[in-house]
Structure formats: C-alpha cells, structure tokens
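All chains are named by letter (A, B, ...) in the order of the sequence lines, taking the proteins before the strands, and each is independently numbered beginning at 1.
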Number of protein chains: 2
Amino acid sequence: MTKQRAAIIKVMRENCGHFTAEEIFLLAKEEYPSIVRATIYNNLNGMVEEGSIRRICQSGHPDRFDRNPMPHEHIICTGCGKVEDLNIPGLTEAMEDATGCEIEDYELVIHCKCPECRVV
Amino acid sequence: MTKQRAAIIKVMRENCGHFTAEEIFLLAKEEYPSIVRATIYNNLNGMVEEGSIRRICQSGHPDRFDRNPMPHEHIICTGCGKVEDLNIPGLTEAMEDATGCEIEDYELVIHCKCPECRVV
DNA sequence: TAATAAATTTAGAATGATTCAAAAATAAAT
DNA sequence: ATTTATTTTTGAATCATTCTAAATTTATTA
C-alpha cells in the first residue's frame, strides 16, 4: 500500500460515481501533488483485474471506472450525458437462458433520458 | 455514391460478421487498391450516424462495426475472442420497466464461452 | 536494524486508433 | 459544359493509454 494508491482509493471513496482516469488524476493530485498519470492507470488496471472496481467503455470517450465491482447496468442520459447505475432483476437468468451457458461477465449500457432530462 | 463507398459496402455484404475498420480497410483495398484509411472511417462513421450499421466498442480493442443495424446483443467468447450476435426476447420491455422511460438505444455485451470453446 | 529483494512510481517517449485540415479529385446539379 | 457540392487523399495531429528504464519505496529476511 503506497501513499499514491491510498490517495486514489480515498478519491474514489469520497466522490460518488463513474470516474475517468483523468478525473481521478486531478482529484488525486490534490491529495498527493506529485502523482503521475501512469500511476493512476497502473492502479486502476490492477483494481479492475482483481475485481475491486469495473471499467465502463464508451466509444469515442475515455474509459470510466466504477466503484461498484458487481456486474450491473448503466444508463447514459442522451440529454446530459450523465452515467447512472441501474439494476434489472432477472437479467442474468435471461442471458443464461438465451446463451445456454454460464455468464462470466457482461456490460449493458442503456441510452435514454434521465429523470431530469425527461420532457414528458 | 463513390467507387470507394461501393467497395466498402460490397466488403461488408460479402463478409459476415463484425469488422474492425482495419479489417474493412484491408478487404476494401482488394477491391479498390488506392483506398485510404480516412475514407474507411468517413464512410463507417456516416453509416453509423444514418443508422445503417452499428458500432461495437470493447475497451482496449479497436471499435467493431456490425452490419446488423437493429439493436441486439453480442457475445464475446472468453476463449477465442469471437463476437457473435444474440437475441434476448423481452429485454427491451425489462429495460423499460426498470428505467420507466423509452429506450433510445442500448448495448449489451456478454462474456462467456462460445459453443466451440465450452468444456462441459 | 541493516541488507536485500520485490514491487511501485516516475519521467518521458512510444503506440495505435482515430480525427483533422487543406488540397485534389470526383460526383451531382444547373 | 460549368459550376457547385461532396468525397477522397495526404499527412500531420490528437488523445487515451501503454511502455521502458531508472529511481524510489515498501516488504522481507538476516
């Protein structure tokens, strides 16, 4: 456990949501000003591999990192771009039925309007 | 309609599956040797925007392009890496129920073993 | 606690997919 | 056939991310 890693973990604990590496870098810099981007990537990649966080990828955007390590769904608002968590009950079973095998992992990103951006 | 665009469309019609821009580039080159990568990207981006193909993104890999323009699901095999289509009936309704709003689009990528890579 | 080994961080260059800007070529419209 | 609009080409640029090697820090062992 290094001071740099501690800073990254602190930043992710104290800020809610789905971070880009750059966002974490800027926040971690406030905790530990000499920290460098490669350290952010090293640690985030390690955490993803050990399964303590998740990676969310969206084409044309940098990857985001999600504090919630369990497979779950995401909404990306087509109005404001905000990323939110969602849980669809029974989804894993539906996937198992459709594939006929064990689901090792999955990513579901839904594009729709978040409550604040809804017109109707 | 240019000869380059025709070559790209021909390549996508005659080869099944989910192409990277680079794969399309190499195949299109056989049809039209002077074609250039930027033309591939121009055309693919245009087709995605007009909704005649879809983009699949996978972190750490180049984007893939899917001839099937309808929202549907994908399996990426954790054994061989192959990308296959899948359809999960009732998924859209489950998403509508969970979000309470109209689903404009979605991407679902499932990581599991394809039939050829299954051990059990 | 000192010495050694192992892991992590740093700096900065490198990579790779993709985009961009400007010029050249081609297609469409008059 | 001319003009206008669109597309392609070239090659440089961008951006997120990874890599390499050296320096530093942490953990382990004596």
Under 4.0 Å from OP1 or OP2 of [N]: is there any side-chain N or O of [X] that close?
X	N	result
B/Asn45	C/dT18	no
B/Tyr41	C/dT18	yes
B/Ser34	D/dT8	no
A/Gln4	C/dT10	yes

If I take atom [atom1] in residue [X] and atom [atom2] in nucleotide [N], what distance separates them, rounded to the nearest angstrom?
X	N	atom1	atom2	value
A/Ile8	C/dT8	CD1	P	12 Å
B/Asp63	D/dT17	CG	P	13 Å
A/Ile40	C/dT8	CD1	P	15 Å
A/Gln58	C/dA17	CD	P	20 Å
A/Glu50	C/dT8	CD	P	10 Å
B/Arg5	D/dT8	CZ	C1'	11 Å
B/Leu44	D/dT7	CG	C1'	15 Å
A/Arg37	D/dT20	CZ	P	21 Å

Hey, does B/Asp85 have a side-chain heavy atom less than 4.5 Å from the side chain of B/Asn87?
->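 When only atoms from C-beta onward are counted, B/Asp85 and B/Asn87 do not touch, as no gap falls below 4.5 Å.
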Closest heavy-atom contact between B/Asn68 and B/Asp66?
->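 Nearest heavy atoms, B/Asn68 then B/Asp66: N-OD1, 2.9 Å.
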May I ask you to say what [X] touches in the nucleic acid, namely base, sugar-phosphate or nothing, with a heavy-atom cut-off under 4.0 Å?
X	answer
A/Tyr32	sugar-phosphate
A/Thr2	sugar-phosphate
B/Asn42	base
B/Thr20	nothing

A/Thr39 vs B/Arg64, nearer the 5' end of DNA chain C by closest nucleotide =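 Its nucleotide being nearer the 5' end, the pick is A/Thr39.
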Audit row: A/Glu50, A/Ser52, side chain to side chain donor-acceptor pair (under 3.5 Å) steps and yes/no | CA-CA 6 Å; A/Glu50 78 189 24; A/Ser52 57; 3.1 Å; yes
Look at the side chain of [X] and decide which nucleotide, out of [options], has an atom nearest to it.
X	options	answer
B/Ala38	D/dT10, C/dT9, D/dT17	D/dT10
B/Asn43	D/dT8, C/dT10, D/dT26	D/dT8
A/Pro62	C/dT8, D/dA16, C/dT10	D/dA16
A/Ile35	C/dT9, D/dT10, C/dT10	C/dT10

How long is the span from the CD1 atom in B/Ile88 to the CE atom in A/Met95, to the nearest 0.5 Å?
->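 It is 6.0 Å, given to the nearest 0.5 Å.
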Watson-Crick or G-U wobble partner of C/dT30, both distances under 3.5 Å |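 Pairing partner, where one exists within any strand: D/dA1.
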Parallel, tilted or perpendicular: ring planes of B/His18 versus B/His72, cut at 30 and 60 degrees |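 Geometry flag for B/His72 against B/His18: tilted rings.
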Would you say the side-chain atoms of B/Thr39 and B/Gln4 include a donor-acceptor pair closer than 3.5 Å?
->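 No, B/Gln4 and B/Thr39 have no side-chain donor paired with an acceptor closer than 3.5 Å.
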